[in-house]
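Below is one structure, written out as structure tokens; the observations come after it.
This one's a predicted model, so the numbers in the text were calculated from it and none came from an experiment.
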Amino acid sequence: MPTHSLEIAGLTLDRGSKRVVDSFDLSLAPGEYCVVLGPSGCGKSTLLHGIAGLISVARGSITIDGTDVTHEAARKRNVGLLFQHDTMYPHLTVQQTLQIAAQANPTRNLSATQLDQQIRVISETMNLDPGWLPRRPDTLSGGQRRRVALAKTLIRNPSVCLLDEPMAAIDRLASERLMERLADVSNQAESTTFVHVTHDGEEAMRLADKIVVMSEGQILQVGSPGEIYRSPNSSEVALALGSPSCNLLSLREVIRACPQIGEVIELPDGQSLNELVLLLRPETIQLLEPASDQNNASTATESGEWQFPAIVLERRNLGGRTLLRLQPISNENAPPLSVTIAESWIPAKTGTRWIFQTPISKLRVVAGSPQHTNSPAI
Ligand SMILES: Nc1ncnc2c1ncn2[C@@H]1O[C@H](COP(=O)(O)OP(=O)(O)OP(=O)(O)O)[C@@H](O)[C@H]1O
């Protein structure tokens, strides 16, 4: 019995003369839900098309349920693929679409009764209204069509289910519902392994057992959502998760302004301060008290807090949370910091000076280049 339902080793894929996926490694256990997170054009769809067998492999291997399928035809792989854009036949009803999809699994032969049963089960799972079955896809809304397309992908009971931006082009509420459905489906389908690609960090955090952060065809980091969020290995990974985006500060400048930080913070071996940035998540910063005109210095307290004065440049109510943009007083030319406070009303008005603080234990040092640094100093 194979321990991994999907095993990818050194997978390299080209589009024309361009190398789009380079030396990609991934091992997923049966039932695992993996989200590949990366910006537009980094090679996510190409990766899925390679796993599905729609494009040939330049190098490396793909193993599904213990069988090497690297050079196997797409129809012989037990893989379901939800394309980024609708691919339903316009002249077929939803019922006919689901019937054809259910029969496409090369490993089973369904009777008419079993087919009806499968359509009933998937309709319940994906919350498809029975009234949609005799309808054609162009009579459904975008969100409804997406659910049908997902049902079509899942009904063949694939070993590996590949989802290309499943929430694309649907509104927030519909995408919330679809995420709930997906979470239910992946919990129920214990043997189906999911690879879901997106550029949306929140989607990745909500659904994934494992996140793969990808950039320019290569893996930057693999880990659980908690690991990637708490301990990103680079500024690029840090920026992939969290909304608003994390603040990245020049570590050298922070230590210059507050030398105690340099004494207590853990630095990776062998890297110079210029290659490192300080990661400060907006939700870890607290509003402490009004600052006087004499409060200009940033300090570290004995209880392990880092305190700094800043001017509130902008205040926005996010409904239950407040987003602030701050100008640290010690560097008026620095780009503003983002802060989210978990209250809808706070006393800090635009243009006023306040002391902010964050636990030093929550600060993370990551490798980063200056262009990923959005705030040079506090
Ligand atoms: N059929 C093709 N022929 C040539 N180049 C292609 C082809 N398909 C994709 N590419 C190129 O490969 C790169 C990766 O494209 P891909 O669609 O895999 O990225 P992606 O991460 O899925 O992007 P998005 O999130 O925008 O869908 C891009 O530079 C794209 O222009």
Side-chain angles (χ1 to χ4, degrees), residues 2 4-28 30 32-89 97 100-101 103-107 146 149-150 152-169 192-200 203-204 208 210-222 240:
H4 289 108
S5 91
L6 177 65
E7 195 130 30
I8 297 172
L11 185 65
T12 300
L13 302 166
D14 297 336
R15 292 282 204 184
S17 59
K18 186 175 174 187
R19 180 126 303 168
V20 174
V21 173
D22 196 3
S23 310
F24 202 97
D25 295 319
L26 183 65
S27 293
L28 297 177
E32 202 165 7
Y33 200 109
C34 170
V35 177
V36 178
L37 178 65
S40 182
C42 75
K44 303 183 297 296
S45 297
T46 303
L47 172 69
L48 295 192
H49 293 181
I51 299 170
L54 302 181
I55 54 174
S56 56
V57 169
R59 242 188 11 237
S61 63
I62 303 166
T63 305
I64 294 175
D65 292 338
T67 304
D68 185 336
V69 298
T70 314
H71 303 291
E72 197 72 88
R75 68 192 151 74
K76 293 200 175 155
R77 303 181 186 196
N78 191 8
V79 164
L81 170 60
L82 175 75
F83 285 89
Q84 190 169 359
H85 304 289
D86 273 351
T87 52
M88 277 185 288
Y89 292 113
T97 300
I100 291 172
Q103 286 164 318
N105 185 330
T107 65
R146 212 62 185 143
L150 200 49
K152 173 187 153 207
T153 310
L154 292 166
I155 197 170
R156 58 181 292 184
N157 195 24
S159 276
V160 178
C161 183
L162 307 170
L163 307 177
D164 197 344
E165 305 264 8
M167 316 302 164
T192 302
T193 300
F194 287 80
V195 184
H196 166 148
V197 308
T198 181
H199 53 79
D200 185 323
E203 211 173 289
K210 181 182 275 179
I211 294 179
V212 176
V213 186
M214 184 178 179
S215 172
E216 296 181 1
Q218 294 186 323
I219 293 177
L220 298 180
Q221 190 171 358
V222 181

Given the rule in the side-chain contact (heavy atoms from CB on, under 4.5 Å) test, do L162 and V79 qualify, once you have shown the distances and angles that lead to the verdict?
-> CA-CA 7 Å; L162 307 170; V79 164; 3.4 Å; yes
Within-4.5 Å side-chain heavy-atom neighbours: M214 and V21 | yes
Closest non-hydrogen atom pair, I51 against I62 | CA-CD1, 3.9 Å
CG (L154) and CZ (F194) are apart, to the nearest 0.5 Å, by 5.5 Å
Which residues pass the side-chain hydrogen bond (donor to acceptor under 3.5 Å, both in side chains) test with S159, sequence neighbours left out?
-> D65
Under the side-chain hydrogen bond (donor to acceptor under 3.5 Å, both in side chains) test, which residues partner S215, sequence neighbours left out?
-> E236
Using ring-ring contact (aromatic ring centres under 6.0 Å, His included) as the criterion, list what pairs up with F24, not counting sequence neighbours.
-> none
Is T193 close to C34 at the side-chain level, that is, under 4.5 Å between some pair of heavy atoms?
-> no
Check step by step if side chain to side chain donor-acceptor pair (under 3.5 Å) holds for T198 and D200.
-> CA-CA 5 Å; T198 181; D200 185 323; 5.3 Å; no
Given side chains that start at C-beta, do those of T12 and V57 come closer than 4.5 Å, heavy atoms only?
-> no
Just wondering, do L163 and F83 contact through their side chains at under 4.5 Å, heavy atoms?
-> no
Using side-chain hydrogen bond (donor to acceptor under 3.5 Å, both in side chains) as the criterion, list what pairs up with E32, not counting sequence neighbours.
-> none
Verify the neighbour count for atom CD of E72: are there more than 12 heavy atoms of other residues, nucleotides or ligands below 6.0 Å?
-> yes
Any side-chain heavy-atom pair from V222 and I211 closer than 4.5 angstrom?
-> no
List the steps and the verdict of side-chain contact (heavy atoms from CB on, under 4.5 Å) for K210 and L28.
-> CA-CA 9 Å; K210 181 182 275 179; L28 297 177; 3.8 Å; yes
Determine, step by step, whether T97 and Y89 satisfy the side-chain contact (heavy atoms from CB on, under 4.5 Å) criterion, reporting the C-alpha distance in whole Å, the side-chain angles of both residues, the deciding distance to 0.1 Å, and the verdict.
-> CA-CA 7 Å; T97 300; Y89 292 113; 5.6 Å; no
Donor-acceptor contact present, side-chain R146 to main-chain P166, <3.5 Å | yes
What is the distance from atom CE of M167 to atom CD of E203, rounded to the nearest 0.5 Å?
-> 4.5 Å
Heavy-atom closest contact (C161 atom, T153 atom, distance) = SG-CG2, 3.9 Å
Start with the C-alpha gap between E165 and H196, add the side-chain angles, then the distance that decides, and say whether side-chain contact (heavy atoms from CB on, under 4.5 Å) holds.
-> CA-CA 7 Å; E165 305 264 8; H196 166 148; over 6 Å; no
Scan residues 19-28 for pairs that pass side-chain hydrogen bond (donor to acceptor under 3.5 Å, both in side chains), counting only residues two or more places apart or in two chains.
-> E7-S27, D14-R19, D22-Q218
Indicate yes or no for a side-chain donor-acceptor contact from R77 to the backbone of V160 under 3.5 Å, with no hydrogens or angles considered.
-> no
With the side chain counted from C-beta on, respond yes when I8 and T63 share a heavy-atom pair under 4.5 Å apart, and no when they do not.
-> no
Has the side chain of T192 got a donor or acceptor atom that lies under 3.5 Å from a matching backbone atom of P158?
-> yes
Are any non-hydrogen side-chain atoms of V213 and I219 less than 4.5 angstrom apart?
-> no
Got a list of side-chain donor-acceptor pairs under 3.5 Å for residues 35-49, not counting sequence neighbours?
residue, atom, partner, partner atom, Å
K44, NZ, G38, O, 3.0
K44, NZ, P39, O, 3.0
S45, OG, Q84, OE1, 3.4
S45, OG, D164, OD1, 3.4
S45, OG, D164, OD2, 2.8
T46, OG1, R15, NE, 3.2
H49, ND1, R15, NH2, 3.3

Least distance between heavy atoms, A74 atom then G53 atom | CB-O, 3.8 Å
